A.B. asks: 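What follows is a structure written as C-alpha cells; I'll ask about it next.
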Amino acid sequence: MSIQAVLESKVKEAVFSIFNTELPSVEFQPTRKDFEGDITVVVFPMLRVLKGNPVQIGNQIGEYLVNELAEVTSFNVIKGFLNLVISESFYLNFFHTIKDQTDFGFVADSDPGAVMVEYSSPNTNKPLHLGHIRNNLLGYSVSEILKAAGKKVYKTQIINDRGIHICKSMLAWQKFGKGETPENTGLKGDKLVGNYYVAFDKAYKAEIAKLVESGVDKEVAEKEAPLLLEAQQMLLKWEAGDEEIVTLWKTMNSWVYDGFEQTYKDLGVDFDNLYYESNTYLLGKDFVAEGLKNEVFFKKDDGSVWIDLTDEGLDEKIVLRSDGTAVYMTQDIGTAIQRVKDYPDVKGMVYTVGNEQDYHFKVLFLILKKLGFSWSKNLHHLSYGMVDLPSGKMKSREGTVVDADDLMEEMTATAAKISEELGKLEDYSDSEKHGLYKMIGLGALKYYILKVDPKKRILFNPEESVDFQGNTGPFIQYTYARIQSILRKASTTNVNLSMALDHALELHPKEKELIKQIQIFPDTIQLAAENFSPALIANYTYDLVKEFNSFYQQVSILGETDEQKKVLRIQLSKKVSEVIESAFKLLGIEVPERM
RNA sequence: GGUGGCAUAGCUCAGCUGGAUAGAGCACCUGCCUUCUAAGCAGGCGGUCCUAGGUUCGAAUCCUAGUGCCAUCACCA
C-alpha cells in the first residue's frame, strides 16, 4: 500500500475520532521545497464538513498521525497546510523493495484487450519531413507508454499509396524522367519520386500562367490545365487496372518504400503491420448501405448519402458521393471495421493525426458509435499541433520543408562537433564515435519534440540549432553516462553491492529527494498513458536527473568512507540510471555508456 | 460567420483532479574543474499567467464575454 493510501485512511480516522465527522476525501500534495516536510495535507477542503480554525484542525490531525503512524515522525502547520515529515526508514524500505526490480514502473500485460495505434500515414509521392517526425515520435512513444501501462499494442500505419498525388509524380516521371531510377542516380527512392512531384507542380503552374495570359480565368485554368487533366486520366486508368499504369505505380511506390524504410530505421520506429490505402479505399460502402437501411444515414435526391449530426452540434456530413464512389470518411469507416476483423482482440484504437483533422475524427467516431460498434467508445484521436517554421507552414510543393533525413544528419553532425570539442572519447573507434554521435543527435531531436505537450504547436527554427544543454536529451544521456562511469569504477573495487543495509541508516536530504522522485515513476507512466502524453515522461525524467546531478555534486559516492552509505549511494545511482533508461525507452531514445 | 484548439519571463517550455511566495532551460551576469565525466553544480537578473467580469476561504487552472494566432466547416485528401 502506498504511503498516501495509508495516510488517507489515517487522516479520515483522525477526523472521525476527533470531530466525529466522516471525511469524504483527503487532499495531498508534495510539500513545497521551502517548508519542512515530505507530504502535505491540505486542511482547507475539510472546512466544508468541519467548522473551525484550519491551523488548529491541522495541529490536531498532525498529533494524531504522529502518535498512530510510525511513518510520520513530525509535522508542522502553516496556514491551512499540514506538512508531514515521513521517516527515513520508510523511504529506505521502499527503496529496498524496488531496487532489484528490473521492470520497475512497468505493469505486466494485464488487459485482455489490445489497442491499435496508427501513426505515420505518409503519402507515397514525397519524402518524410519534420511534421512526420513529430507524428512518428509521438505514435511510437505513446505505443511504448501504453505497453508499459499494461496494454497490448499493435503499431500500424496506413500508407496513402493511391490517388491523384502519386499520379502527379508518375506523370512527371513519364514526361521528364528520362529513365531515372534510384539505382542510376544514387538518389534515395522517396527523394527521387518527390522530385517529380515538385517537377509536376512547376510544369502545372507554368501551364496555368500561360492559360491565364491567353485570357482564361485563373480558377478555370487551375481546373483545366492539360497536365492536371492528364493526371486525372491516369488515376482513372489506375482504377480500371490499366497494366502499364499499375506497373509504373508499383515500381515508383517500391522506390518510395525503400526510402521510407531507411528513414524509419534511422528514426528508430517500427510497425507491427501495414495497411495500404490501395487495399482499403473501397471498403466501407457495405457499411454505408447497412447504415442507410438502419436509418443512421439518409439519401439525398441526387443519390448522395449523408449523416445528420446537427443534434450533436455538428453539421451534415457526406459518406458516399452521388456517383456511388467513396469519400475519405467511407474508407475510414471500412478500415476501422476491417482492423477489428483482422485483430479480434483489438478493443480500441489510437489515431495519431494532426489537429487539422479534429473534425474528421469527431465525425468518424460518432458514425462508428451510431453504427453500433462496441469498441467505438475506445477510439482516441491523438491530435497534435503542427510543426511550423518561422516563415509559416511547411509546404512540400514549395520546397519549404525540413526533410527528415537531412535533419537527422544535421543533428548527428552537431553532436559530433560538440563531442569533438570536448574530446572525451579519444580512444573510441570511428564507427563507435559515429554511433554515439547519432545517438546523441537523435536524442536531442526526439527529446526536443517529445517534451512539448502534443496538442501544442511547435515552432521550429532551422537557423537555431536544437540545444544540447539544460532541459535536453543529451543532458539526460550525459547523466546516465556519468552514472555508468561510477558503476564501472565501483565494479573494479571490492565493494559488496548486495550487502545488507541497516534500516536505521541515516539518509542525506538529497538521497531522500531522489527516492521520492523514483517513487513516482510508476504513477507517471500511468498518467502519461491516460493522457497519451510522452511529455509527462520527458519532464519527469528531467526532474529526476536534475535531482541526481545536485546529489552528485554535493555528496561523494565512491569517496564515502562509511561502507553502508557508500553501498546505498551506489545502489541509488544505479537505480536512477535504470529509471532513466526505462523512461527514455518509452521516448524511443537510447542511452550511452560514455559521452 | 459557425465550431474547435492555443495564449505563462526577451526566447523555448513545465505547472496533475482549483491550494502556500507561479517554476525550469536558453540568453545575460557571478562563483565552482589537483576529488566519482564542467553536455555539470550553486547563485543573480527577469512575470499585468492575453483582457474584463464571475464562482470560491483560495483561480494561471473552473464559468461568461471579448482580443489575438491557428485549424476546420467541400460530392478534397
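Here the structure is a predicted model, which means the values were calculated and not measured. Letters A, B, ... mirror the listed sequences (proteins, then strands); counts begin at 1.
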A.B. asks: Sort by first number and list every stem of RNA chain B: at least 3 consecutive Watson-Crick or G-U wobble pairs, both distances under 3.5 Å.
C.D. replies: B:1-7 with B:67-73, B:10-13 with B:23-26, B:28-32 with B:40-44, B:50-54 with B:62-66
A.B. asks: Applying salt bridge (Lys or Arg N to Asp or Glu O under 4.0 Å) as the test, list every pair that has at least one member in residues 434-443 of chain A; sequence neighbours left out.
C.D. replies: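 Checked against salt bridge (Lys or Arg N to Asp or Glu O under 4.0 Å) - neighbours excluded - the pairs reaching residues 434-443 of chain A are Asp266(A)-Lys438(A).
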A.B. asks: Which of residues 435-444 of chain A sit near RNA chain B, with a heavy atom under 4.0 Å from it?
C.D. replies: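 Contacting residues: Ile440(A).
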A.B. asks: With sequence neighbours excluded, what pairs up with Glu432(A) under the side-chain hydrogen bond (donor to acceptor under 3.5 Å, both in side chains) test?
C.D. replies: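 Here the qualifying residues are Ser429(A).
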A.B. asks: Counting any heavy atom closer than 4.0 Å, what does Ile557(A) reach on the DNA or RNA strands: base, sugar-phosphate only, or nothing?
C.D. replies: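 Result for Ile557(A) = base.
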A.B. asks: For nucleotides 14-27 of chain B, just jot down a letter per nucleotide in 5' to 3' order: B, S or -, based on protein non-hydrogen atoms under 4.0 Å.
C.D. replies: SS---BBS-SSSS-
A.B. asks: Output every pair passing salt bridge (Lys or Arg N to Asp or Glu O under 4.0 Å) with a member in residues 351-362 of chain A, not counting sequence neighbours, ordered by first then second residue.
C.D. replies: Glu356(A)-Lys393(A)
A.B. asks: If you look only at pairs with a residue in residues 413-425 of chain A, which of them pass as a salt bridge (Lys or Arg N to Asp or Glu O under 4.0 Å), with sequence neighbours excluded?
C.D. replies: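 Residue pairs passing salt bridge (Lys or Arg N to Asp or Glu O under 4.0 Å), neighbours aside: Lys417(A)-Glu421(A).
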A.B. asks: Could you list the residues that satisfy side chain to side chain contact (heavy atoms under 4.5 Å, CB included) with Asp34(A), not counting sequence neighbours?
C.D. replies: Arg32(A)
A.B. asks: Of the options Leu407(A), Ile133(A), Ile449(A), which is the one that meets Phe460(A) in a side-chain contact (heavy atoms from CB on, under 4.5 Å)?
C.D. replies: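 The single option meeting the side-chain contact (heavy atoms from CB on, under 4.5 Å) with Phe460(A) is Leu407(A).
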A.B. asks: Using a heavy-atom cut-off of under 4.0 Å over every strand shown, decide if Val363(A) touches base, sugar-phosphate, or nothing.
C.D. replies: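 If one applies the 4.0 Å heavy-atom cut-off, Val363(A) turns out to touch nothing in the nucleic acid.
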A.B. asks: Could you identify which residues of residues 414-423 of chain A place a heavy atom less than 4.0 Å from some atom of RNA chain B, listed by residue number, or say none?
C.D. replies: Ile418(A), Ser419(A), Leu422(A)
A.B. asks: When the side chains of residues 478-486 of chain A are checked against the rest of the protein, which donor-acceptor pairs come out under 3.5 Å, sequence neighbours left out?
C.D. replies:
| from | atom 1 | to | atom 2 | distance (Å) |
| --- | --- | --- | --- | --- |
| Tyr478(A) | OH | Arg482(A) | NE | 3.3 |
| Thr479(A) | OG1 | Phe475(A) | O | 3.0 |
| Thr479(A) | OG1 | Asn549(A) | ND2 | 3.0 |
| Arg482(A) | NH1 | Asn549(A) | OD1 | 2.6 |
| Gln484(A) | NE2 | Ser577(A) | OG | 3.3 |

A.B. asks: Excluding sequence neighbours, so at least two apart, what forms side-chain hydrogen bond (donor to acceptor under 3.5 Å, both in side chains) with Tyr384(A)?
C.D. replies: Asn135(A)
A.B. asks: Check salt bridge (charged side-chain N to carboxylate O under 4.0 Å, His left out) between Glu530(A) and all other residues, then give those that pass, not counting sequence neighbours.
C.D. replies: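 Counting only residues at least two positions away or on another chain, Glu530(A) forms no salt bridge (charged side-chain N to carboxylate O under 4.0 Å, His left out).
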